[in-house]
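By convention in this document, chain letters (A, B, ...) are assigned in the order of the sequence lines, proteins followed by strands, and residues within each chain are numbered from 1.
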Amino acid sequence: MSGYLIIRNLTVRLRSGPVILRSVSLNVAAGQVHGLVGESGAGKSMIGKAVLGTLPRALQITGGEIWLDGVDLLSLSAAERRRRIGATAALIPQDPLTALNPSKRIGPQITRRLIDILGWTKQAAEARALELLDEVQIPNAARVMRSYPHELSGGMRQRILIASAFAAEPKLIIADEPTTALDVTVQKQILRLIAQMQARHGTALLFVTHDLGVVSKVCDTLSVLYAGKVVEEARMQRFFMRPIHSYSRALLSATPSYEDPLGSLTPVSDTVIEEVEAEVRWHDARAGT
Amino acid sequence: MRDARGDIRRPIGLRLWLSGGWLTLLALGALFTPWIAPKDPLMQDLFLGRMPPFWVQGAEPGYLLGTDSLGRDVLSRILYGTRLALIVALVAGTLTCVIGATLGLIAGYYRGWPDRIISRFVDIWMAFPPVLFAILLIAVLGPGLISIIIAIVVIDWTRFARVIRAEAMTQGAMDYVASAQVAGRTRFGTMLTEILPNVLPTIVALLTLEMGIAVIVEAILSFVNLSISTDSPTWGGMIAEGRTSVHQAWWVLVFPLITLFLTVLSFSQLGEGLKDRFDPVLR
Amino acid sequence: MMYQVRDLRLSFPDLTRKPLLGAAPRTPVLKGISFDLPKGAVLGIVGGSGSGKSTLGRAMLRLLEPDSGTIAFDGTDITHQTEDQLRGMRQRFQMIFQDPMSSLNPRRRVGGIIAGPLKLYGFDGLTARVNEALDMVGLPRSFARRFPHELSGGQRQRVGIARAIALRPDFILADEIVSGLDVSSQAQVLNLLGKLVGELGLTLGFISHDLSVIRRLCDRVLVLHHGEVVEQGDTDALFAAPQAAYTRELLASIPLPDPDQPWD
Amino acid sequence: MTLLRNILIRLLTTLVTLIGVAVIVFVVIRVVPGNPIAMMLPPGATEADIARLQTQYGFDKSIFEQFVIWLGGVMQGDFGTSISLRQPVAGLVLGRLPATLELSIFALSIAIVIGGTMALLGTRYRDTKTEGAVDISAGMALSIPDFLWGLVLILLFGVLWPVFHISGRISPALNIDFNTNFYFFEALVRLRFDVLADLIGHMFMPALALAIPLAAIIAQLLKQSLKETMHLDYVTLARTKGYGENHVITREALPNAILPTLTLVGVQFTFLIGGTVIIERLFSYEGLGNMAIDAVINRDLPLIQGIVILFALLFTIVNLVVDMLYVVLNPRLRHA
């Protein structure tokens, strides 16, 4: 076992035929942060959804393996898989405004799953929730537990979601664009919080984002996706110093940076797109689709 | 995700064909009634009372769908009733639509005091039971075709006003309305060129729905004996008569009821089908 | 001067706190904003959510009426002009919207969307002008027959630009026009806008939350925070030595695509 | 504070609406051609007799004066005297109200059960044939108004397979000596199951006719609302926590999906109550609506006024209750 999450040749298709993920493979080791980068439609969120079993109904997994903590999730029955995921993985979602149930108080939204799914006592679950809210630096945790989501700010809600994700000491956390909806100043605080929590708990973290800047701040390794295919997998330092794939280079040079105002901002050129499209076609031909 | 689900498209062809086909058939029947109708719809023959339709034992040849208690031909009466039903549907439906949609558009787009006044009236109207209101109006206006049309317009304009108002409010908040303003279009111009085309599919769907409702209201009024006059055959009148003798002669109720049922269903399905067709985003 | 804005104040009624009788209390959104925008300049307006940057933009185009202060456009005071008075001038200041899906009428074809405002101002040779506008934004002429939903996000945003420039305005306001786009189309749209500003001699107001984007395109910057100007000035000077604490915090919060950037 | 203010505003607008209704009815029915007094007297009555009754009912005064007098009476609970039945309107109307209320509430319950079940089924088995079946049947049910459903039901369960009564409210042979006209509730309280069965046998078909279109609306709206909710992040989050589909739908999505449905269902319920007018006629059910039609036919002005006002009052009460429910169910407003 080289990691807590091992994905091998994962293929996902629309039920109507088109391929969404093309033989994706990746590893995330305990204590490591792996970034998934790509433009919209590249399928980066679909990897997380496939792992957590929350793919939209129009999509289905047609091949590959997903090993989580030594168990191949795809070999389990639907109910067992759900329980397994509930016990070992957690999600930090994108939009803190819709990720908390508006009709329930904060406390139960953190504690219910500990009680219902993991069989904790109510006291233990509540103590744990308080401890975590403290850990994510929420003042007045006891009062926040009794609040409804609409009474809290966006940044607060994202902190609560982070606390909730770490509640059951999961082996793997998937963060799906967790700061896209936030202002940059809040984004910075939240990213640092996620990084701190991840390091302290030694969790494996799969970090989905479209923002190369964010990736460079939180990840150890990353995969670049295009049309559901991993075009480059690299360690962080190496990627930003010497990106290998022409599409990766194109993405980097299309990202504006205030430190480099005179550097030319080059859109992803048609040649690069043709090159990577050809690669995808070649892959499909080889895979026989 | 939306896109992924978007390819599950409802079949819209069939229901447009079926509903359109039935309504065309009705329209043709209404146009050529005097030539098609096998009998005089008012001719009574007490010796031929309550004859069953042709496939039942004891049917009288020439009376395809049987006769009512006064010996009048059910088929001919349905055909003559069709004329009236379609006139009411077209005229009352269109008038209601024009008045209600205009008020709704103004209230929803202009907001402010026009909205306050129109909405207050809608509120008051919503506090009336519509059927009772219609009956009351016919009692006041006296029976007759014009009265029925007026009654339908008066009770039902709110349906358009409410829906179109909400729709216009949603569209009015869109940026393309602001962009028309940036381009220098007048408020009235924006309403006609930007808002109206976007609420038109809803108006069309409501219009055909309203036509079906107009037919029903006419039938209800005939049912409580307040429609055109007791002589002219109407679906509602036939249903009212059929209801009283349902145990002795089911066909007097069943045939006009089936006609009414299919007509109302067709009108509403036609509207839904057209709405889908109209929408470039769905097409 | 294209724009001279002095002590601009604007507030929205807070309907949730409206008393039974009388007017609702108003929440101030712009709290006394002043700046000058010289002709031919590109002004970046930056701020977080709730800073009032979009409200300021809409007030500059008089889609909103300010409570007090003045907005002068090319020497004309437009602060409280009525819609009728403004109509003759509207051709001169145009806007490109954040969400191209909602700012392009879904029931019109691209050609009609671009030609609509032209027709209103009595331009002739509509087809030629529509084609020219499409050429300028780098879209094929055949796109005139398409509906907005048939285009990609970047293409839609270019239709928005084409609609604005077709009128040959003096000033264009671009409100967060790249925030919904992927980096590749974002770079295209930014480059296109930069090119058009030069070619057409436009004055541009560019609203964005992204300082990196602002730095690329703008020669002046206005930093807004809670409805107030916390800092304004020449782009290079502002990035080299930010004066206000908020500007410094904003700059320090931007994650640059560079793992070696110290980020604390 | 906001809540109190909202309630005050609601009460004021309600009052304006009720007065508006009263004015319209008052004006409309006084333009009625034909003399209501002449209709109620036996043939051969003298002009003097008519004039005397005219004065007694106040028809000799101007519409405005009549309105003021009527309003004065209403303030003291006096809605006038019915011309055709020669009894106080208030008593007559209140005597019939329970029948209509029981019918409406019964119909509402049926609609909620059927519509709710359809919506949940359609959501549980979304994107399958089951959802298609829910959509098509709801679409059909919605296109056909209650009047037609009533006739169809009469044919199906009154004639073809006669299992239900098709007219009346209760079998006359049944010996009941109840204190109130709320037969259903009183039978429940007194555990008179024979009466209860008979009442349901009579009420079921008219109630079903009223319920079918409302059930279809509930099915459509709630399913739509549920589907939208199912795409929100907190539902996804619940799934990743290990909860099953049924839990996710009923515990996470449903409480939030009900809210947007509720207001619309409130308006639709007032339509249902309005529908009782013709449905009661169709099933010869002795409720308010049936009485209203007779009142119109008999030109019984005081009775018509009384009934219309009562309906309007009923509608506004329904809307008020719905608004209050909305506040109770919505934590955002509850804690504002």
Do other residues, nucleotides or ligands put more than 12 heavy atoms under 6.0 Å from the [atom1] atom of [X]?
X	atom1	value
D:F67	CZ	yes
B:L90	CG	yes
B:F261	CZ	yes

_Max heavy-atom pair count under 4.5 Å with chain B, selected residue of D:V159, D:I144, D:I24_ =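 Greatest number of close heavy-atom pairs with chain B: D:I144.
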*Who wins among D:L160, D:T270, D:L142, D:T13 for the most heavy-atom pairs under 4.5 Å with chain B?*
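Most heavy-atom pairs under 4.5 Å with chain B: D:T13.
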*asked:* Please classify the contact of B:I239 with chain D as side chain, backbone, both or neither, using a heavy-atom distance under 4.5 Å.
replied: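 Interface part for B:I239: side chain.
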*B:I135 versus chain D, heavy atoms under 4.5 Å apart: side chain, backbone, both or neither?*
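Looking at B:I135, backbone and side chain both touch chain D.
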*asked:* With a 4.5 Å cut-off on side-chain heavy atoms, are D:V267 and B:R162 touching?
replied: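 Sidechains of D:V267 and B:R162: in contact.
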Hey, could you give me the [atom1]/[atom2] distance between [X] and [Y], rounded to the nearest 0.5 Å?
X	Y	atom1	atom2	value
B:R243	D:I166	CZ	CD1	4.5 Å
D:I278	B:L132	CD1	CG	10.0 Å
D:L148	B:I216	CG	CD1	3.5 Å

With a 4.5 angstrom heavy-atom cut-off, is it the side chain or the backbone of [X] that approaches chain B, or both, or neither?
X	value
D:V277	side chain
D:V152	both
D:L155	side chain
D:L282	both

*Step-by-step side chain to side chain contact (heavy atoms under 4.5 Å, CB included) determination, B:M126 to D:N319*: CA-CA 11 Å; B:M126 301 278 284; D:N319 285 327; over 6 Å; no
*Are B:F128 and D:F315 near enough that their ring centres are under 6.0 Å apart?*
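Ring-ring flag for B:F128/D:F315: false, centres at least 6.0 Å apart.
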*Contact winner vs chain D - B:V264, B:I220, B:V254, heavy-atom pairs under 4.5 Å*: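 The answer is B:I220.
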_Full working for side chain to side chain contact (heavy atoms under 4.5 Å, CB included) between B:V140 and D:R299_ = CA-CA 9 Å; B:V140 172; D:R299 304 277 193 279; over 6 Å; no
